[in-house]
Amino acid sequence: QVQLVESGGGLVQAGDSLRLSCAASGRTFSSYHFAWFRQAAGKEREFVAAISWMFGNSYYTDSVKGRFTISRDNAKNTVYLQMDSLKPEDTAVYYCAAGSMTATYRSNEYNFWGQGTQVTVSS
């Protein structure tokens with residue numbers, strides 16, 4: 001089992017930046033994909049970005065491409081989501097997730113989830 005602990009959320013203004021962290025613990029991580037999802041109040045959970053722990057290949061939803069960057073630090077067992085040029089529509093609870101290497105953009109393909117961290121972007 002993989003445990004995920006998130007940090008870095010907060011209240012910012014449009015155009016600001018935030019860096020979310022997801023500290024992972026468990027057996028091993030090299031065979032996993034890690035992802036960030038978000039869920040705005042009253043809306044469905046949405047895929048944001050994913051990364052292969054082994055190779056570092058990254059994937060993004062179109063709405064954040066060019067603004068958000070997902071990365072991982074092997075020494076710290078941590079996945080990051082750097083969020084630049086934040087917009088009010090980015091406001092949501094952000095979740096870190098881990099799944100097999102076949103997991104893509106579907107939330108039900110991920111087995112482990114963090115507790116979520118609130119990101120609020122004001123106009």
Q: Look up atom OG1 in T102 and atom CD in E109, then write down how far apart they are to the nearest 0.5 Å.
A: 6.5 Å
Q | Minimum-distance pair of heavy atoms, taken over all atoms of A24 and V2 | A | CB-CG1, 4.4 Å
Q. If you look at every heavy atom in I70 and S58, which pair is closest and at what distance?
A. CG2-CB, 3.6 Å
Q) So how far is it from E6 CD to C22 SG, rounded to the nearest 0.5 Å? A) 5.5 Å
**Q.** is_close_aromatic(Y94, W36), centroid dist under 6.0 Å
**A.** no
**Q.** F112 side, atom CZ; F34 side, atom CZ - distance, nearest 0.5 Å
**A.** 9.5 Å
Q: Write down the atom of F55, the atom of R72, and the distance for their closest heavy-atom approach.
A: C-NH2, 3.8 Å
Q. Under 6.0 Å from the CD atom of E44, do we count more than 12 heavy atoms belonging to anything else shown?
A. no
Q | Atom pair CG (N57) and OG (S52), whose distance is rounded to the nearest 0.5 Å | A | 5.5 Å
Q: List the steps and the verdict of side chain to side chain contact (heavy atoms under 4.5 Å, CB included) for L18 and V119.
A: CA-CA 9 Å; L18 280 175; V119 173; 3.9 Å; yes
(Q) Set out, in order, the CA-CA distance, both residues' side-chain angles and the distance that settles side chain to side chain contact (heavy atoms under 4.5 Å, CB included) for R67 and D90, then state yes or no. (A) CA-CA 11 Å; R67 299 189 298 120; D90 295 318; 2.8 Å; yes
Q | Closest non-hydrogen atom pair, P88 against A14 | A | CD-CB, 4.1 Å
Q) Between Q115 and V5, what is the shortest heavy-atom contact and its length? A) OE1-CA, 3.8 Å
Q) Taking the six-membered ring where the residue is Trp, are the ring centres of F37 and F47 under 6.0 Å apart? A) yes
Q) Between Q3 and S25, is there a donor-acceptor pair closer than 3.5 Å when you use the side chain of the first and the backbone of the second? A) no
Q) Under 3.5 Å, side chain of Q82 to main-chain N/O of R19, donor-acceptor pair present? A) no
Q: Determine yes or no for a side-chain-to-main-chain donor-acceptor pair under 3.5 angstrom, with H33 supplying the side chain and I51 the backbone.
A: no
Q.
Does the plane of the ring in W113 sit parallel, tilted or perpendicular to the ring in Y110? Use 30° and 60° as the thresholds.
A. perpendicular
Q: Mind running side chain to side chain contact (heavy atoms under 4.5 Å, CB included) on D16 and V121 for me, showing each step along the way?
A: CA-CA 8 Å; D16 286 351; V121 185; over 6 Å; no
Q | Under 3.5 Å donor-acceptor, T78 side chain and K76 backbone | A | yes
Q) Is a side-chain donor or acceptor of E46 paired with a backbone partner of R38 at a separation under 3.5 angstrom? A) no
Q: State whether the side chain of R45 and the backbone N or O of Q39 hold a donor-acceptor pair below 3.5 Å, judged by distance alone.
A: no
Q | Path from L4 to Y80 over hydrophobic side-chain contacts below 4.5 Å | A | no
Q: Ignoring hydrogens and angles, tell me if any N or O in the side chain of Y32 forms a donor-acceptor pair with the backbone of M54 under 3.5 Å.
A: no
(Q) Using side chain to side chain contact (heavy atoms under 4.5 Å, CB included), reason through L81 and T69 one step at a time and then give a plain yes or no. (A) CA-CA 6 Å; L81 184 68; T69 304; over 6 Å; no
Q) Is it true that M83 and Y60 fall in one hydrophobic cluster, defined by side-chain heavy atoms closer than 4.5 Å? A) yes
**Q.** Verify same cluster id: V48, V12 (apolar side-chain graph, 4.5 Å)
**A.** yes
(Q) I'd like to know if the side chain of T91 and the backbone of T120 have a donor-acceptor N/O pair within less than 3.5 Å. (A) no
**Q.** Minimum-distance pair of heavy atoms, taken over all atoms of V79 and W53
**A.** CG2-CZ3, 3.7 Å
